[in-house]
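Note that the coordinates shown come from a computational prediction; the quantities given were computed from them, not determined experimentally.
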Amino acid sequence: MKFLSNAEYDLISLGEVMLRLDPGEGRVRNTRSFNVWEGGGEYNVARALSKAFGKKTAVATALCKNDVGLLIEDLIMQGGVDTSLIRWAPFDRIGKESRNGLNFVERGFGLRPARSTSDRGHTAVSQLSEGDFDWDAIFSKGVRVFHTGGIFCALSGSTSALALEAVKKAKEYGAVVSFDFNFRPSLWACLENGDSVRENIREILRYTDILFGNEFDFVKILGFESEPGADLDVHDDERYLRFMNRAQKEFPNLKLIATTVRTVHSASQNSLRAVCVENGSLLKTSCFEKLDVLDRIGSGDSFASGLLYSLLCGKDTEYALLFALAHAAFAMTTPGDTSMATTQDIENIVSKKTAKVVR
């Protein structure tokens, strides 16, 4: 993978940033207090690269200018992500015209699954459209990776068109384009123009270098035919290879397709491994069997950021895949959407150091 040698930004992400309200060990319906975090599928990648791994990143998004929006901005700043590309929408005092997204998230435990209740209608970011960003000015400064995904595209027809506009310009200026499907049934169920969004995503993939997604994403978003039988199993290598090779035939520009594969034993215990297809060959990691889980939300974004960080550092794909899996696994041990890891934390897992107390 070739990245620009001289660039102002290691990565820019385009996506929504919501305020996550977390009841801790309790439930949303019963709690009397929340912890707050910022989070968003595309943004989480930029945040981890900045805070955990020391890379320079920015987020292109929109917020409504009220105290909730300013809180989200403050949380973004704490993550070290450049906020200069945030577009601010005026607040009409009741949020009828524009508002900020809220996400109420329970972590789950044992037989009780993690649960997300989003409150994100009519947000400022969902109203973004083509022409809202000066991509020439942004990419002319040098951007090594441009990252966006299916969550942002599914906010509205206009956001998917904006994402397509952005990836075209990214390729024009030599950026590596990264896309994460991140299929969310709740978003797609509310789309009135799902067919046009799917077509925009299909076109985006023709400009994409690194794709994060599995069989489920291709089936639900692009309408690929699923293989008969059970869903992809954590150890089912051949099925993954067959399906991803079909994807690469349709999108031959894709250099790398990667994903985590998970077996959910309970909300508190998952088995996790990582696989990718590169040039028609399958690479896979060993499996983390029956990992203890505190909060799995955002672990997929940690996988993406770990892979991109390793590739940006010049690591080979085999190492990058293992580093990415370790970051995803570590992220499940901490609360919130965003990574609390350090580079050393992840390198310790990769080198198979134990979880003994560090004194």
Quiz item: Given the rule in the side chain to side chain donor-acceptor pair (under 3.5 Å) test, do N103 and S116 qualify, once you have shown the distances and angles that lead to the verdict?
Solution: CA-CA 7 Å; N103 196 19; S116 172; 2.8 Å; yes
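- Between the side chain of K2 and the backbone N or O of G174, no donor-acceptor pair lies under 3.5 Å.
- Both I204 and V125 sit in one connected hydrophobic cluster of ILVMFWY residues. Membership requires side-chain heavy atoms under 4.5 Å apart, directly or through other members.
- Side-chain contact, D92 with S98: no donor N or O sits under 3.5 Å from an acceptor N or O.
- Looking at heavy atoms from C-beta onward, V59 lies in side-chain contact with Y43 at the 4.5 angstrom threshold.
- With respect to D22, the salt bridge (Lys or Arg N to Asp or Glu O under 4.0 Å) criterion is satisfied by exactly one of R27, R115, R107: R107.
- Between D301 and N182, the closest side-chain pair of non-hydrogen atoms falls below 4.5 Å.
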Self-check item: Test side-chain contact (heavy atoms from CB on, under 4.5 Å) applied to L205 and T208, step by step
Solution: CA-CA 5 Å; L205 295 186; T208 298; 4.0 Å; yes
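- S158 contributes a side-chain N or O that, together with a main-chain N or O of L128, makes up a donor-acceptor pair within less than 3.5 Å.
- Using a cut-off of 4.0 Å between Lys/Arg side-chain N and Asp/Glu carboxylate O, R144 and D10 are scored as salt-bridged.
- Within the 3.5 Å criterion, the main-chain N or O of V293 finds no donor-acceptor partner in the side chain of S268.
- With no hydrogens or angles considered, no side-chain donor-acceptor pair links R184 and S118 at under 3.5 Å.
- For N66 (side chain) and R93 (main-chain N/O), no donor-acceptor pair under 3.5 Å exists by modelled atom type.
- Using a 4.5 Å cut-off on side-chain heavy atoms (C-beta onward), C64 and H122 make no contact.
- Linking ILVMFWY residues whenever their side-chain heavy atoms come closer than 4.5 Å, directly or via other members, leaves W37 and M332 in distinct clusters.
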Exercise. Please assess F323 against E347 for the test side-chain contact (heavy atoms from CB on, under 4.5 Å), listing each intermediate value before the final yes or no.
Key: CA-CA 7 Å; F323 188 94; E347 289 176 346; 4.1 Å; yes
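- Note on L21 and V17: same hydrophobic cluster, where clusters join Ile, Leu, Val, Met, Phe, Trp and Tyr whose side-chain heavy atoms are under 4.5 Å apart, directly or indirectly.
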Quiz item: Going through the checks in order, is the side-chain contact (heavy atoms from CB on, under 4.5 Å) test met by V45 and S13?
Solution: CA-CA 8 Å; V45 175; S13 66; 5.7 Å; no
Practice problem: Give the intermediate values and the outcome of side-chain contact (heavy atoms from CB on, under 4.5 Å) for residues S271 and H265. | Solution: CA-CA 7 Å; S271 293; H265 305 288; 2.7 Å; yes
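- In this structure, CG on D82 lies 8.0 Å from CD1 on I12, to the nearest 0.5 angstrom.
- Within the 4.5 Å cutoff, the side chain of V167 has heavy atoms near those of the F146 side chain.
- Here the closest heavy-atom approach between residue F53 and residue G306 is recorded as CE1-CA, 4.3 Å.
- Although no hydrogens or angles enter the test, the distance criterion places no donor-acceptor pair under 3.5 Å between the side chain of R120 and the main chain of L187.
- Judged purely by atom type and a 3.5 angstrom limit, T57 uses its side chain to pair as donor or acceptor with the backbone of A46.
- Hydrophobic clustering keeps F183 apart from V264 (ILVMFWY residues linked when any side-chain heavy atoms are closer than 4.5 Å, directly or through intermediates).
- No side-chain heavy atom of N100 sits under 4.5 Å from any side-chain heavy atom of L19.
- In this structure, OG in S302 is found 14.5 Å from OH in Y309, a value given to the nearest 0.5 Å.
- Salt-bridge check for K169 with D136: passed, with a basic side-chain N closer than 4.0 Å to an acidic carboxylate O.
- Distance alone, capped at 3.5 Å, places no donor-acceptor pair between the R273 side chain and the V261 backbone.
- In this structure a side-chain-to-backbone donor-acceptor pair under 3.5 Å is present from E42 to F152.
- Atom SG of C276 is separated from atom CZ of F212 by 9.5 Å, given to the nearest 0.5 angstrom.
- For the pair T259 and D217, the minimum side-chain heavy-atom distance is 4.5 Å or more.
- L75 and V68 fall within a single hydrophobic cluster, where Ile, Leu, Val, Met, Phe, Trp and Tyr side chains are chained together by heavy-atom contacts under 4.5 Å.
- F91 does not carry K65 over the face of its six-membered ring by the limits of under 6.0 Å from the centre and within 45° of the normal.
- Side-chain contact annotation: S281 with N279, donor-acceptor N/O pair under 3.5 Å absent.
- Note: I257 CD1 to M244 CE = 6.0 Å, rounded to the nearest 0.5 Å.
- Here F139 contributes atom CZ and D134 contributes atom CG; the two are 11.0 Å apart, rounded to the nearest 0.5 Å.
- Put simply, the side chain of D209 reaches to within 4.5 Å of the side chain of K171, judged on heavy atoms.
- Judged purely by atom type and a 3.5 angstrom limit, N245 has no side-chain atom pairing as donor or acceptor with the backbone of R242.
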Practice problem: Mind running ring pair (Phe, Tyr, Trp, His ring centres under 6.0 Å) on F179 and F251 for me, showing each step along the way? | Solution: CA-CA 13 Å; F179 188 88; F251 303 101; over 10 Å; no
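- Using a distance-only test at 3.5 Å, with no hydrogens or angles considered, no donor-acceptor pair links the side chain of R87 to the main chain of L85.
- Looking only at side-chain heavy atoms (C-beta outward), E73 and M77 come within less than 4.5 Å of each other.
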